[in-house]
Novice: 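For reference, the structure I am asking about is given below.
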Amino acid sequence: MELLYVVELGVRASDAGGIRPTEVRGRVLEHVVDWLSYGRTTRLLSESFESSGKATLLSDSDGRADLRASWSIEGTNEVTALVVTTRTEITQSGRADFVCIVTIFTEEERTSVRIELARESLDGVLAPAGIDFFRRPHLLVLLLRDRDLQCWAGPSRVDGRFNWVNPKHVDFIWEAISVEKRLLPILLVDGSDEEGEKLARRAAGELAGLAPVLAVDVRSQHLLEDRLAEINASIPRGGARLVWPDLVLRHPVFTSDQAPFAAGRLLRMLSSVSVTVRGVNHLLRKAAAAQRSARNEQIAADLAAAKAQGDLSREVDAQARAIAELKSEVEQYESWFRQVEEERDSYKAQAAQAAYWRQEAERARQAAGVRDTDWAEAPALDPADLTELASFLEKQSQGAIVFTREARQAWKRDAYPRIDAMRDALITLTRAAIDYSRLGCQLGMHPDDWFKQEWELTLASTDKYMSKNGLDTFTLDGKEYSRLPHLKLGDHTSPNEVGRVYFAMDSDGERFIVDHVGLKLYGL
């Protein structure tokens, strides 16, 4: 089984006093029943979960799959875990299940809920299993809407809403960002207009339990500007910045043209991280350990009593139970080991799938009679004239990259000395542009990471100085584009060797528009 998403929350009675702490588990269970029964012709009862069981919940709609549910209980009276697993067939392939696992854990008066989403192959066929898109589970929505409950992820309150940041909150927000033991990343959204508010609302709903969302107004951004710049986490105009708990990491940025897709991309990104960090269900293991401990204590007490009474038959029975318990523990450890092996094999299978589809794409390209470009045939880059190389790259890319008149003039003017390095960078940028167009502009990761991982190019998506001084845009055919994305060729060297390629990532035209080739635009 391949985990896709994990959220783990502590659930408490709210300060409003609608329920007592001892009633939290029962209220959570009511929401589980509502979640399972929604859109079904049958409804389970809370009493159904007092012992292990299973049921098939039929859909009330022809276009909706039936839900197969099963549940089991681990633990003791003091430490209990109810595990509810639901399965629906992935209709894209019919060979796999989409799985949701909910663990309700109770220890004395404390209640926790863990929600996992996964997919599991049914036949072992080496082929994609579907589920390219998913959303946060509706059970999470039900829990967050209940005013008698409060949900927490560590010290962070989780309510599925975003918070506005104004100047009086700035110091508190910076303290929250820079605290050493922060568990969750924080999404900072440019809250200067209505579009920013929409992004913050969408992201807060999808990222509940994964990242709190803050919409930062213009004045607060100005007050935070220098401090955020110190950790390379400035908020782009019309976009958002995800700030990891470890401030030395690269903090993903979503520019204004990426904002409409940011919530979905963030969910995929953070879901993947959540699986890595929270992959092991410690709540279930804790309940199982408590159950084993209770059984062992009972066996030890029975054995001691048998010995004290000289009851050989009873002593033998206790020894047999102890042996059976040890065998059960061995089987549990073997099960976990098999799970690790299955996950390892799953990763191998995914790599094989990726290789297969690359081969299929190559076969399709050859069948279409498309000739591979021999990039070695690209003309040399003239030290004072970009025209010949630019024309070659535009033609070979079939419009996936274009060079503006300003780009040609900049190259003629700037006299950048590392001619061969610039030629290689422009060829690689063209290949990346072709891939960008082929992918429909959906990179699946932050552009900086995509350029580094896929093309070994150093890209910066933002530039504080350019934005502040009006160098961040250009106009082509009456339309304004962002010139913030730029390739970096050489830093920390003499000014006449700091090379740059500034370009727009035009998602509407599915192309790169290069507007400057040469030296850095400022600071020389």
Side-chain angles (χ1 to χ4, degrees), residues 1 3 5-14 18-60 64-88 97-118 120 136-146 148-152 209 278 280-295 328 332 335:
M1 185 169 64
L3 277 180
Y5 166 104
V6 181
V7 162
E8 201 168 290
L9 301 172
V11 185
R12 311 173 189 170
S14 68
I19 60 174
R20 296 188 297 272
T22 54
E23 297 173 322
V24 170
R25 183 181 185 277
R27 178 63 65 85
V28 171
L29 198 54
E30 290 176 11
H31 290 308
V32 171
V33 169
D34 290 340
W35 166 63
L36 291 173
S37 303
Y38 179 77
R40 308 293 165 184
T41 59
T42 54
R43 180 181 178 89
L44 293 172
L45 301 175
S46 298
E47 292 77 13
S48 304
F49 300 100
E50 293 178 357
S51 59
S52 299
K54 60 182 179 180
T56 298
L57 304 176
L58 303 180
S59 172
D60 62 3
R64 190 174 186 180
D66 294 336
L67 187 70
R68 308 189 310 277
S70 61
W71 54 93
S72 61
I73 299 175
E74 296 278 357
T76 65
N77 292 333
E78 292 76 24
V79 182
T80 306
L82 169 66
V83 182
V84 181
T85 302
T86 67
R87 295 175 176 271
T88 52
D97 278 343
F98 183 60
V99 184
C100 182
I101 305 170
V102 178
T103 303
I104 305 171
F105 176 83
T106 307
E107 186 173 17
E108 297 176 346
E109 293 186 353
R110 295 189 298 274
T111 299
S112 300
V113 176
R114 176 185 170 100
I115 304 175
E116 304 167 80
L117 300 180
E120 184 172 28
R136 63 358 183 194
H138 187 64
L139 173 61
L140 184 58
V141 178
L142 296 177
L143 293 173
L144 298 181
R145 287 178 180 172
D146 190 331
D148 289 334
L149 299 177
Q150 287 185 354
C151 297
W152 296 80
R278 304 168 179 159
V280 175
N281 191 338
H282 291 287
L283 300 178
L284 180 57
R285 290 194 177 182
K286 189 172 184 179
Q291 184 171 302
R292 288 196 303 271
S293 178
R295 284 200 301 259
S328 176
Q332 179 65 74
S335 173

Novice: Of the non-hydrogen atoms in P21 and A13, which two are nearest, and what is the gap between them?
Specialist: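 In terms of heavy atoms, the two residues are closest at N-CB, 4.2 Å.
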
Novice: Are the side chains of L44 and W71 in contact, using a 4.5 Å heavy-atom criterion?
Specialist: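 Contact flag for W71/L44 side chains = yes.
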
Novice: Between V7 and R136, is a side chain to side chain contact (heavy atoms under 4.5 Å, CB included) present by the stated rule, with each step listed?
Specialist: CA-CA 9 Å; V7 162; R136 63 358 183 194; over 6 Å; no

Novice: Just by modelled atom types, is the R12 backbone N or O under 3.5 Å from a matching donor or acceptor in the W152 side chain?
Specialist: no

Novice: Under 4.5 Å between any side-chain heavy atoms of H282 and E8, yes or no?
Specialist: no

Novice: Would you name the heavy atoms of F98 and A118 that are closest together and state the gap between them?
Specialist: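 F98 and A118 have their closest heavy atoms at CD1-O, 3.3 Å.
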
Novice: Is the closest side-chain heavy-atom distance between L82 and V32 below 4.5 Å?
Specialist: no

Novice: Side chain to side chain contact (heavy atoms under 4.5 Å, CB included) between I104 and F49: does it pass, once the steps are laid out?
Specialist: CA-CA 11 Å; I104 305 171; F49 300 100; over 6 Å; no

Novice: I'd like to check R43 versus D34 (side-chain heavy atoms, cut-off strictly below 4.5 Å). Are they in contact?
Specialist: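 Sidechains of D34 and R43: in contact.
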
Novice: NE2 of H31 to OG of S46: how many Å apart, nearest 0.5 Å?
Specialist: 10.5 Å

Novice: Do S59 and R40 have side chains that approach each other closer than 4.5 Å (heavy atoms only, starting at C-beta)?
Specialist: yes

Novice: What distance do H138 atom NE2 and L142 atom CG have between them, rounded to the nearest 0.5 Å?
Specialist: 4.0 Å

Novice: Of the options D97, T56, T88, which is the one that meets R68 in a side-chain hydrogen bond (donor to acceptor under 3.5 Å, both in side chains)?
Specialist: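 Going through D97, T56, T88 one by one, the side-chain hydrogen bond (donor to acceptor under 3.5 Å, both in side chains) with R68 is satisfied by D97 alone.
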
Novice: Which heavy atom in L284 sits nearest to a heavy atom in N281, and how many Å separate them?
Specialist: N-OD1, 3.0 Å

Novice: Which heavy atom in K286 sits nearest to a heavy atom in E107, and how many Å separate them?
Specialist: NZ-OE1, 2.9 Å

Novice: Decide side chain to side chain contact (heavy atoms under 4.5 Å, CB included) for C151 and V11; before the verdict, give the C-alpha distance in whole Å, the side-chain angles of both, and the deciding distance to 0.1 Å.
Specialist: CA-CA 5 Å; C151 297; V11 185; 4.3 Å; yes

Novice: Show the nearest heavy-atom pair for residues V79 and A287, with the distance to one decimal.
Specialist: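 That would be CG1-CA, 4.0 Å.
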
Novice: Show the nearest heavy-atom pair for residues L9 and G209, with the distance to one decimal.
Specialist: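 Looks like CD2-CA, 4.2 Å.
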
Novice: Are any of the side-chain heavy atoms of L149 and S14 separated by less than 4.5 Å?
Specialist: no

Novice: For the residue pair L140 and V113, establish whether any side-chain heavy-atom pair is separated by less than 4.5 Å.
Specialist: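 Result no, sub-4.5 Å side-chain heavy-atom pair not found.
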
Novice: Can you measure from CD (E50) to CG (L29) and round to the nearest 0.5 angstrom?
Specialist: 9.0 Å

Novice: Out of the candidates T42, T86, D66, T41, only one should pair with L57 under the side chain to side chain contact (heavy atoms under 4.5 Å, CB included) rule; please name it.
Specialist: T42

Novice: To the nearest 0.5 angstrom, please state how far the CD atom of E74 sits from the OG atom of S52.
Specialist: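 Taking CD in E74 and OG in S52, the distance rounds to 8.0 Å.
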
Novice: In Å, rounded to the nearest 0.5 Å, how long is the span from CD of E109 to CD of E23?
Specialist: 10.5 Å

Novice: Hey, what do you get for CZ (R114) to CG (L283), rounding to the nearest 0.5 Å?
Specialist: 6.5 Å

